[in-house]
Protein chains: 4
Amino acid sequence: MSETRSPDSKRRSERSRRAILDAALELVGELGYPRLTIEAIAGRAGVGKQTIYRWWPSKAAVLLDAFIALGEEAAAGEHEIPNTGDLEADLKFVLRATVDELNSPEYELPARALAAEGVINAELGAEFVAKLLEPQLQLYVKRLLAAQDAGQVAEHIDPRVALELIVAPLAHRWLLRTLPLTHEYADTVVEYALRGLSPR
Amino acid sequence: MSETRSPDSKRRSERSRRAILDAALELVGELGYPRLTIEAIAGRAGVGKQTIYRWWPSKAAVLLDAFIALGEEAAAGEHEIPNTGDLEADLKFVLRATVDELNSPEYELPARALAAEGVINAELGAEFVAKLLEPQLQLYVKRLLAAQDAGQVAEHIDPRVALELIVAPLAHRWLLRTLPLTHEYADTVVEYALRGLSPR
Amino acid sequence: MSETRSPDSKRRSERSRRAILDAALELVGELGYPRLTIEAIAGRAGVGKQTIYRWWPSKAAVLLDAFIALGEEAAAGEHEIPNTGDLEADLKFVLRATVDELNSPEYELPARALAAEGVINAELGAEFVAKLLEPQLQLYVKRLLAAQDAGQVAEHIDPRVALELIVAPLAHRWLLRTLPLTHEYADTVVEYALRGLSPR
Amino acid sequence: MSETRSPDSKRRSERSRRAILDAALELVGELGYPRLTIEAIAGRAGVGKQTIYRWWPSKAAVLLDAFIALGEEAAAGEHEIPNTGDLEADLKFVLRATVDELNSPEYELPARALAAEGVINAELGAEFVAKLLEPQLQLYVKRLLAAQDAGQVAEHIDPRVALELIVAPLAHRWLLRTLPLTHEYADTVVEYALRGLSPR
DNA sequence: AGCTAATCGAGACGGTACGTCACGTCTTTAG
DNA sequence: CTAAAGACGTGACGTACCGTCTCGATTAGCT
């Protein structure tokens with residue numbers, strides 16, 4: 001039950017924390033993930049290396065926190081999937097926005113860096129999924145349950161699986177760059193998937 | 001038209017090439033990708049470092065070639081997707097095998113390493129897709145076209161997109177470890193997707 | 001006035017400095033100068049290579065410092081040339097000792113290494129001369145001036161040149177190994193030279 | 001009595017030999033000795049590395065041969081020390097010429113390289129002395145013997161030692177760069193030394 | 001004059017060391 | 001008394017050369 005050398009988070013300098021997170025995001029954009037180094041982050045942030053090592057176990061963890069902070073700013077009003085009653089239109093709307101975000105240059109480098117690290121590093125991957133991905137996916141679950149209530153999705157369908165039919169193809173194209181990721185593709189995926197989910 | 005200092009491949013030592021590829025696969029299994037080093041590969045293979053740098057630009061490229069070589073051995077009889085006339089059964093059969101392969105420990109580490117590297121490194125990713133992934137996906141295209149001919153898949157469906165509804169969810173679970181990747185999940189994905197693809 | 005990225009010598013580890021110097025002397029004795037490597041010095045000293053590169057520009061510079069440190073220990077009572085009133089005897093005494101030192105195996109290898117490096121590398125040569133050689137030579141100047149005062153050396157003789165007539169032949173035989181370097185040779189050189197320096 | 005793999009010098013390519021020697025001299029002038037490499041010599045000479053390794057044991061040996069070849073060209077009429085009857089004038093004449101040669105930039109780098117290597121490498125040093133230095137020194141012995149016959153040098157003087165009093169100080173200044181090597185210095189050394197050698 | 005064996009240019013190979021970079025830890029120093 | 005600054009031991013990087021070893025393609029010297 002010995003308390004092994006854990007830093008006192010009450011005394012933590014918020015100024016340093018922000019500077020580190022900002023520096024990490026800037027640098028990953030400039031250099032890419034593999035050439036990003038803790039020393040460079042410390043230098044850019046005007047911080048001692050130890051201040052980073054005290055609070056994060058790896059550069060991936062720093063980047064994850066930086067990304068989460070980025071998300072929290074953006075999501076002041078945590079977006080829901082709209083419910084106009086037209087499931088197909090609502091999904092197309094959200095997925096087109098997702099396509100645009102994935103294709104936007106400022107998200108691309110840090111997002112790829114984290115995704116790739118999560119593929120290899122199970123622990124970081126779990127945190128990535130828990131903190132960033134799964135909350136997003138739950139929005140789809142919620143919307144699909146509403147559709148099920150409205151009789152637009154067959155009863156025996158498991159929404160957690162259903163959403164993957166819709167979301168995974170986009171992720172696949174983005175991660176592996178097999179073919180271009182376009183609005184048209186998003187629409188087509190929604191159409192094909194929804195045919196399978198609707199009653200009858 | 002600049003002749004970029006390229007070594008003479010006629011004089012290349014086949015013995016060294018094999019030793020390097022074998023060592024790379026062994027070591028990525030033992031150490032994982034991030035702790036895999038060129039020096040260790042050279043040491044294990046009984047080869048000078050320069051011999052690696054002469055023929056490959058990075059450890060990821062070595063691993064890709066190692067994986068391709070592995071694939072070529074396995075694929076003496078290049079697997080097709082069976083066609084028993086029952087599309088659903090055929091797909092479930094193949095995807096269950098894929099699930100088993102993805103869950104097998106000897107494929108996992110090198111495959112994740114390559115996938116992750118491909119996510120970050122566009123050039124290597126393109127090669128990964130072209131040499132390993134796309135040939136596999138084309139087998140699905142072929143089987144779906146046959147199904148279309150047999151009237152089991154609606155005419156307006158684009159097989160290249162359709163296959164992604166089936167394959168991407170499995171890839172998604174494997175890459176991001178959101179939820180367990182099981183035979184049951186594969187079956188469910190096939191069922192949901194096929195409902196959307198079949199005529200009417 | 002450019003501040004060239006220089007480390008902070010106040011924080012320098014004295015323990016590492018000594019270990020490096022000691023290791024360098026040991027190794028040059030065991031391996032000879034051309035087979036002496038920075039890596040081996042670092043290894044023997046239990047020190048990172050960077051710690052050597054941080055403070056010295058080359059292995060020759062390390063060896064020079066090691067040699068200087070050696071000299072400082074030996075020269076607790078900084079040797080003077082004795083003055084018994086008999087210049088010839090005093091010189092013979094000192095030169096015989098020099099011959100013995102030059103012929104002793106523990107001084108030979110590092111001393112040759114430094115001398116040779118100084119022959120090629122003007123900068124290091126200048127430091128070698130300034131820190132090790134010239135102080136020695138000034139002892140001869142001092143003794144010759146005393147002899148001049150005592151009327152044993154002609155007034156018009158320049159002591160700085162005169163000493164070279166005595167010292168250079170020994171250095172020549174030692175450096176180039178033309179003929180053996182013996183006590184008898186030292187005596188003969190003193191005799192020939194002193195005939196030229198005495199009045200009349 | 002086994003004949004171990006010695007190349008047949010009758011079949012040796014004279015063209016290659018010259019190209020190698022020329023390239024070595026050029027490169028040592030451009031790069032200095034430590035940065036001179038066998039590979040660079042081979043490249044510049046348009047020759048395979050093996051052709052160098054077949055005929056020479058080290059880069060020092062190549063350079064020595066190159067220097068000897070250089071000497072042989074210059075010394076078509078192998079210079080003698082003049083004998084005008086005035087020993088002092090004759091020595092000053094020759095030594096002033098030596099000073100000029102030692103100070104000339106084209107001889108300096110290769111000559112220092114060889115001298116330095118000879119200081120460290122006993123075997124090469126011996127060859128350097130035997131082939132280049134000692135023949136020169138013997139010219140002094142010859143001239144001093146003639147002076148002894150003419151009664152200008154005392155009978156008990158050993159010419160082989162005497163010459164070193166004259167030559168070694170110049171060599172010393174050149175090798176170690178203690179002080180400038182000038183005509184005046186050469187003259188002074190001759191004067192001081194000759195006072196000691198003359199009868200009385 | 002043709003054969004044949006050695007030398008030749010070329011350069012891949014297994015190695016060693018280079019000098020640099022970044023790691024994660026530890027120490028010193030200035031605010 | 002807390003951090004920044006940065007020196008430290010460690011270890012991998014990618015490069016440069018080492019000296020050895022095949023490769024054809026010329027040469028020569030001998031038959």
Side-chain angles (χ1 to χ4, degrees), chain A residues 7-8 11-13 15-16 34-43 45-54 56-59, chain B residues 5 7-13 15-17 19 34-43 45-55 57-59, chain C residues 5 7-13 15-17 19 34-43 45-55 57-59, chain D residues 5-13 15-17 19 35-43 45-59:
Chain A
D8 177 351
R11 290 177 166 272
R12 183 168 188 182
S13 157
R15 146 190 278 284
S16 291
R35 301 202 340 250
L36 174 68
T37 66
I38 299 261
E39 299 208 330
I41 297 172
V47 138
K49 283 196 288 178
Q50 203 56 249
T51 302
I52 300 182
Y53 284 113
R54 206 179 342 262
W56 290 275
S58 69
K59 68 173 178 175
Chain B
R5 202 104 315 281
D8 179 349
S9 50
K10 284 179 303 186
R11 314 180 67 159
R12 182 167 189 181
S13 159
R15 144 190 282 282
S16 293
R17 194 185 136 271
R35 307 219 316 268
L36 175 67
T37 67
I38 299 260
E39 295 209 329
I41 297 173
V47 140
K49 278 199 287 179
Q50 203 58 46
T51 300
I52 299 181
Y53 284 111
R54 189 155 25 232
W55 302 107
S58 67
K59 69 173 177 175
Chain C
R5 203 100 318 279
D8 180 348
S9 49
K10 283 178 301 185
R11 313 179 67 158
R12 183 167 187 180
S13 158
R15 146 189 280 282
S16 293
R17 194 185 136 271
R35 307 217 318 266
L36 174 68
T37 66
I38 299 261
E39 297 209 328
I41 296 174
V47 138
K49 279 199 287 179
Q50 203 59 45
T51 300
I52 299 182
Y53 284 111
R54 198 171 359 249
W55 303 107
S58 67
K59 69 173 177 175
Chain D
R5 206 94 318 270
S6 77
D8 178 351
S9 51
K10 284 179 302 183
R11 288 175 168 269
R12 182 170 188 178
S13 158
R15 144 190 280 283
S16 292
R17 193 185 139 273
R35 303 204 337 251
L36 174 69
T37 65
I38 299 262
E39 296 209 331
I41 296 173
V47 138
K49 282 197 289 178
Q50 201 58 253
T51 302
I52 299 182
Y53 284 111
R54 190 160 19 238
W55 303 107
W56 290 276
S58 68
K59 70 172 176 174

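Throughout, protein chains are lettered first and strands after them, A, B, ... in sequence-line order, and every chain is numbered starting at 1. Only heavy atoms go into these numbers, but all of them, side chains included; no hydrogens, no water, no symmetry mates.
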Nearest whole Å is fine: how far is dG24(E) C1' from W56(A) CH2? 16 Å
First encountered from the 5' end of DNA chain F, between L36(D) and R35(B): R35(B)
Heavy-atom closest pair (A42(C) atom, G48(C) atom, distance to 0.1 Å) is CB-C, 4.2 Å
Between P of dG14(E) and CD of E39(B), the distance in whole Å: 15 Å
Does R17(B) count as lying over the ring of W55(B), i.e. NZ or CZ under 6.0 Å from the six-ring centre, within 45 degrees of the axis? no
Is the distance from OP1 or OP2 of dA5(F) to the nearest side-chain N or O of R11(C) less than 4.0 Å? no
Taking only the side-chain nitrogens and oxygens of T51(B), find out if one of them lies under 4.0 Å from OP1 or OP2 of dG14(E). yes
Answer yes or no: does a side-chain N or O of S16(A) lie under 4.0 Å from OP1 or OP2 of dA4(F)? yes
Classify the side chain of Q50(C) and the base of dC21(E) as holding, or not holding, a donor-acceptor pair under 3.5 Å. yes
Has W55(C) got a side-chain N or O lying under 4.0 Å from the OP1 or OP2 atom of dC8(F)? yes
Of the candidates dC18(E), dC23(E), dA3(F), the side chain of Y53(A) sits closest to dC23(E)
Could you tell me whether the phosphate oxygens of dA30(E), OP1 or OP2, come under 4.0 Å of any side-chain nitrogen or oxygen in K10(C)? yes
Please report the closest heavy-atom contact between T51(C) and S16(C), naming both atoms and the distance. CG2-CB, 4.3 Å
dA7(F) base / R12(C) side chain donor-acceptor hit below 3.5 Å: no
For L36(B) and K59(B) the tightest heavy-atom approach is O-NZ, 3.0 Å
Hey, are the side chains of I38(D) and Y53(D) touching, using non-hydrogen atoms and a 4.5 Å cut-off? yes
note: I41(B), atom CD1; dA12(F), atom C1'; distance rounded to Å ~ 12 Å
To the nearest angstrom, the CZ-P distance between R54(A) and dT2(F) comes to 10 Å
Measure from CD1 on I52(D) to P on dC17(F) and round the result to the nearest Å. 13 Å
Select from S13(C) and I38(D) the residue whose nearest nucleotide in DNA chain F is closer to the 5' end of that strand. S13(C)
hbond_proxy K49(C) side chain to dG19(E) base (donor-acceptor, 3.5 Å cutoff): yes
